[in-house]
Amino acid sequence: LDQLVQWKDGGMRVHVFCNNNGEKSRLIELLNETAVENKVQVPEVKFMTGALNTGFVFPDKKLVVVTDSEIFNRYRMKHHLRGFAHSTADFTELSELNINDFMVHERYGIGIYRGLKQLRIEDRVADYIILEYARGDKLYVPIEDFKLVQKFIGAEGREPGLSSLDSTSWLQVKKRVKKSVMDIAKELLDVYAARQALQGHAFSPYPEYEKAFMDAFIYELTPSQERAIREVDRDMTGRKSMDRIVCGDVGYGKTEVAMRASLRAVLGGKQVAVLVPTTILAEQHYNTFTERFADYPVKIEMMSRFRSRSQQADIIKKMEDGLVDIVIGTHRLLQKDIRFSDLGLVIIDEEHRFGVRHKEKLKQLKKLVDILALTATPIPRTLSMAMGKVRDLSVIDTPPPERIPVETYIGEYDDETVKVAIINEVNRGGQVFYIHDRVETIQSVAGYLKSMLPDIRICHAHGRMPPRRLEKVMKEFVDKAYDILVSTTIVESGLDIPNVNTIIIPNAQKLGLAQMHQLRGRIGRGKYQAFCYLLYPGGKPLTDLSRKRLMAISQYTDLGAGFKIALKDLQIRGAGNLLGPRQHGHIMDVGFDLYCKLLGLAVEEMKTGKEAREPEVEIVVEIDLPVDAFIPVSYISSSAQRINIYRRLSSAVDREGIDELAEELRDRYGEIPPQCYMLFEIMELRQAAKQLEARSLVQKKDTVIIDFSNYRKLEPEKFSKIDSENNCLIKLGTGNEFSLIISELTVDSLSKIKKIKNILQALV
């Protein structure tokens with residue numbers, strides 16, 4: 001904008017070339033917003049559409065030509081935003097782990113966490129998790145087994161029984177749960193995996209059009225957004241029907257993932273249905289999709305209360321005749337008169353707002369359509385199925401650049417607090433949402449606020465208003481004709497009004513966790529600090545459930561907290577009606593995380609017909625070398641964070657995974673200490689030994705003995721080469737067992753480990 005002003009002041013004529021109308025509209029919008037913020041006028045500029053690589057200045061003719069790619073590339077800075085890798089089998093991070101919490105060890109059962117302790121055993125120092133079991137028995141869990149330990153999640157308020165270390169009772173519990181899980185897996189596969197077993201439509205890529213669509217997106221994709229797009233792309237090009245949930249906090253870019261999937265479907269000759277929970281969100285999505293697809297021959301329509309009966313009838317006829325490519329609508333899309341010509345993709349936005357009956361109805365429209373669900377806080381049932389590997393899950397967990405966490409205030413309602421919050425927001429040029437969820441009294445509440453703040457402009461809105469009236473009020477509020485919108489919870493779904501940065505919710509104790517998080521997500525989408533006031537009536541005791549929800553929402557205020565909130569909701573409410581009440585007791589027996597692993601194994605077995613490998617039968621190589629390999633407390637002070645790092649390290653499958661974790665540690669905590677480097681080397685050594693089915697690697701004085709269970713895994717000609725080059729001795733045992741004896745090892749620990757690792761890798 002400054003540069004345009006300088007050129008115009010110098011008497012230059014300025015032409016700005018954009019690739020398409022969508023980019024042109026967005027650029028004009030951004031210039032106008034910037035001009036308002038800086039209290040200047042946008043100079044007269046000619047905007048044109050056309051493809052130019054670069055612009056130029058022609059002084060003699062007083063002409064400047066600029067391309068939008070030059071403008072946007074200047075601001076498309078590469079932000080190094082680190083997302084954290086998730087596995088669909090294990091989401092239960094231990095960042096909230098406290099002393100005396102219950103934990104589950106997959107081999108030994110449920111115990112009480114007594115801390116992370118550093119122990120010196122003979123000549124080496126390492127960290128151990130201490131778990132206490134029945135009768136006070138203690139188990140010291142070594143680093144290599146950390147991935148077998150999870151925090152226990154059952155139903156909050158109910159304590160599980162402790163397992164005994166000197167009996168087979170835990171094995172019996174697991175057998176019982178496994179049998180139940182196989183029955184449940186059969187039922188789940190009747191509903192979901194049947195679609196996976198049948199061949200769906202494999203969409204072909206159209207690189208030229210898709211690249212142009214991608215380039216027209218003026219924001220920088222975050223790493224986890226890119227990952228979600230890749231995963232959806234892989235699903236759509238495969239032969240099996242997609243059934244994927246994209247979980248990401250509000251404003252994290254789920255809609256862009258959906259629009260790219262829609263383009264792929266439309267280019268493949270299929271129709272797309274976008275199901276949203278509210279009329280207002282349908283209108284907003286319709287505008288977003290229309291702008292984004294402005295330069296493509298894609299016909300987009302909207303089905304909602306904002307359309308008259310005759311308009312709806314016309315749209316339905318066009319859908320049936322194949323003249324509509326993308327239709328965006330509310331529950332209206334689920335009614336019996338809706339028919340498609342060739343439906344290929346169904347997108348369900350804010351999935352937690354729809355019941356199972358609604359989603360199953362959509363699947364019946366066309367049994368083999370691809371399903372893409374978008375949600376910020378998945379309901380426990382959805383989360384259960386995703387974590388049990390019944391449905392695929394993509395997590396967008398990287399916040400957009402410059403996003404600031406919303407400051408959350410929880411307390412008793414009083415007029416003075418509300419008054420100060422509103423005045424502060426209006427004085428800085430912002431607007432306010434005031435949530436009142438009773439239609440009958442919403443007008444009187446707006447009147448009360450007006451009497452309290454006579455100079456503030458107030459309007460109200462709710463879902464029962466006539467469509468045109470609701471549309472008019474919302475448009476006027478967006479255009480800043482009002483300072484406060486008193487509204488029901490209809491604003492919770494997807495609305496993007498960057499100028500609203502304060503939300504006040506009286507009677508917050510009545511709302512669910514997901515609802516509170518969604519409402520809080522309506523603000524803080526710009527660059528300004530946003531404030532959320534969650535208030536409850538004074539003088540009335542809160543119920544236990546309400547207190548837990550308010551504590552949880554106050555605890556999870558960081559960016560990307562939606563997934564953690566969903567897990568907390570799962571903990572408070574239990575797994576919900578996964579299939580019925582009968583499995584609830586089994587979840588309490590083994591904890592939710594292990595239950596999901598067992599369920600995932602059962603589903604995998606039924607899909608493939610092969611027995612899935614259980615966690616406890618994985619090869620664990622005993623390594624006993626006199627080296628200090630641990631994460632010092634001085635480097636990472638939080639025990640829970642150290643346990644998380646150990647768990648991820650023990651789950652890494654190759655050197656690349658270890659290096660990625662090392663880079664993340666360097667980024668988060670600073671230069672890596674020597675003990676950590678040694679830990680990385682030991683972990684890589686264990687991986688190489690595991691590939692060769694080694695059982696143990698033990699140092700005795702200056703000799704290391706590696707015991708193997710099966711020499712048939714190795715090629716005989718490699719033995720002589722290793723023997724001659726590395727001063728090794730091979731000792732055959734009974735059966736297929738043998739030992740590799742490495743002598744004359746250097747005193748330097750790192751050199752010693754590298755030599756052993758090189759020998760093992762030569763045998764792999």
Side-chain angles (χ1 to χ4, degrees), residues 18-30 32-33 68 72 209-210 212-222 225 228-229 232 246 248-266 271-307 315 324-330 332-333 345-351 353 372-376 396 400 470-471 474-475 477-479 490-500 518 521-523 525-526:
C18 301
N19 284 324
N20 54 58
N21 288 326
E23 289 182 26
K24 184 169 78 172
S25 299
R26 184 60 179 153
L27 177 54
I28 293 170
E29 180 186 336
L30 286 172
N32 287 329
E33 285 177 4
D68 64 344
F72 289 133
Y209 296 109
E210 290 175 354
F213 192 81
M214 177 182 67
D215 290 343
F217 186 59
I218 67 168
Y219 301 107
E220 185 73 39
L221 287 175
T222 63
Q225 216 180 350
I229 289 168
V232 170
V246 176
D249 251 343
V250 284
Y252 274 42
K254 300 186 294 293
T255 306
E256 179 64 18
V257 177
M259 287 193 287
R260 295 192 187 193
S262 300
L263 178 70
R264 171 69 59 87
V266 171
Q271 291 172 301
V272 179
V274 183
L275 181 66
V276 298
T278 67
T279 306
I280 294 173
L281 184 55
E283 176 88 2
Q284 184 164 306
H285 270 339
Y286 175 72
N287 293 332
T288 304
F289 272 69
T290 302
E291 180 184 329
R292 196 76 171 83
F293 284 88
D295 288 279
Y296 292 80
V298 176
K299 183 62 177 172
I300 302 171
E301 289 288 0
M302 180 179 70
M303 286 285 285
S304 74
R305 292 191 304 125
F306 286 169
R307 294 287 185 263
I315 293 169
V324 173
D325 299 303
I326 300 173
V327 60
I328 299 164
T330 58
R332 179 71 182 87
L333 286 179
L345 172 65
V346 172
I347 297 168
I348 310 169
D349 199 5
E350 305 294 356
E351 196 201 20
R353 296 285 301 276
L372 180 63
L374 312 176
T375 184
I396 301 180
L470 178 60
E471 187 178 11
M474 293 307 298
K475 187 177 187 310
F477 184 69
V478 170
D479 292 341
I490 58 167
V491 299
E492 79 175 83
S493 298
L495 281 184
D496 186 4
I497 309 177
N499 199 51
V500 181
Q518 285 289 118
R522 295 307 104 220
I523 59 173
R525 304 184 73 161

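- With respect to the salt-bridge test (charged N to carboxylate O, under 4.0 angstrom), the residues Glu210 and Arg264 qualify.
- Each of His285, Glu283, Glu291, Gln284 was compared with Asn287 under the side chain to side chain contact (heavy atoms under 4.5 Å, CB included) criterion, and only Glu283 meets it.
- Phe293 places none of its side-chain heavy atoms less than 4.5 Å from the side chain of Val266.
- Geometrically, Arg260 does not engage Phe213 in a cation-pi contact defined by less than 6.0 Å to the ring centre and at most 45° from the axis.
- For Thr279 against Ser304, the heavy-atom pair with the smallest separation is CG2-OG, 3.7 Å.
- The minimum heavy-atom distance linking Ala282 with Thr330 is given by the pair CB-CG2, 4.3 Å.
- Put simply, the residue from Leu374, Ile328, Val246 that forms a side chain to side chain contact (heavy atoms under 4.5 Å, CB included) with Asp349 is Leu374.
- The structure places SG of Cys18 at 7.0 Å from CD1 of Ile28, a figure rounded to the nearest 0.5 Å.
- In this structure, the separation between CG on Leu372 and CG on Leu275 is 12.5 Å, given to the nearest 0.5 Å.
- Shown here for Asp325 and Pro297, the closest heavy-atom pair between the two residues is OD2-O, 3.8 Å.
- No donor-acceptor pair under 3.5 Å is formed between the side chain of Tyr209 and the backbone N or O of Tyr296.
- Contact detail for Val257 and Ala228: the closest heavy-atom pair is CG2-CB, 4.3 Å.
- The minimum heavy-atom distance linking Ala258 with Ile347 is given by the pair O-CD1, 3.6 Å.
- In this structure, OG1 in Thr288 is found 10.0 Å from CD1 in Ile300, a value given to the nearest 0.5 Å.
- Considering only heavy atoms from C-beta on, Ile315 comes within 4.5 Å of Arg307 through its side chain.
- If you take CG on Leu221 and CD on Glu256, they are separated by 6.5 Å, rounding to the nearest 0.5 Å.
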Next item on the list: With side-chain contact (heavy atoms from CB on, under 4.5 Å) as the test, would you mind laying out the steps for Phe289 and Val298 before giving the verdict?
Entry: CA-CA 10 Å; Phe289 272 69; Val298 176; over 6 Å; no
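- To the nearest 0.5 Å, atom CD of residue Glu301 and atom OG1 of residue Thr290 are 9.0 Å apart.
- Without hydrogens or angle criteria, Gln271 side chain to Val324 main chain gives a donor-acceptor distance under 3.5 Å.
- In plain terms, the two heavy atoms of Ala265 and Val272 that are nearest each other are CB-CG2, 3.7 Å.
- One finds the CD atom of Glu29 at 10.0 Å from the CG atom of Leu27 (value rounded to the nearest 0.5 Å).
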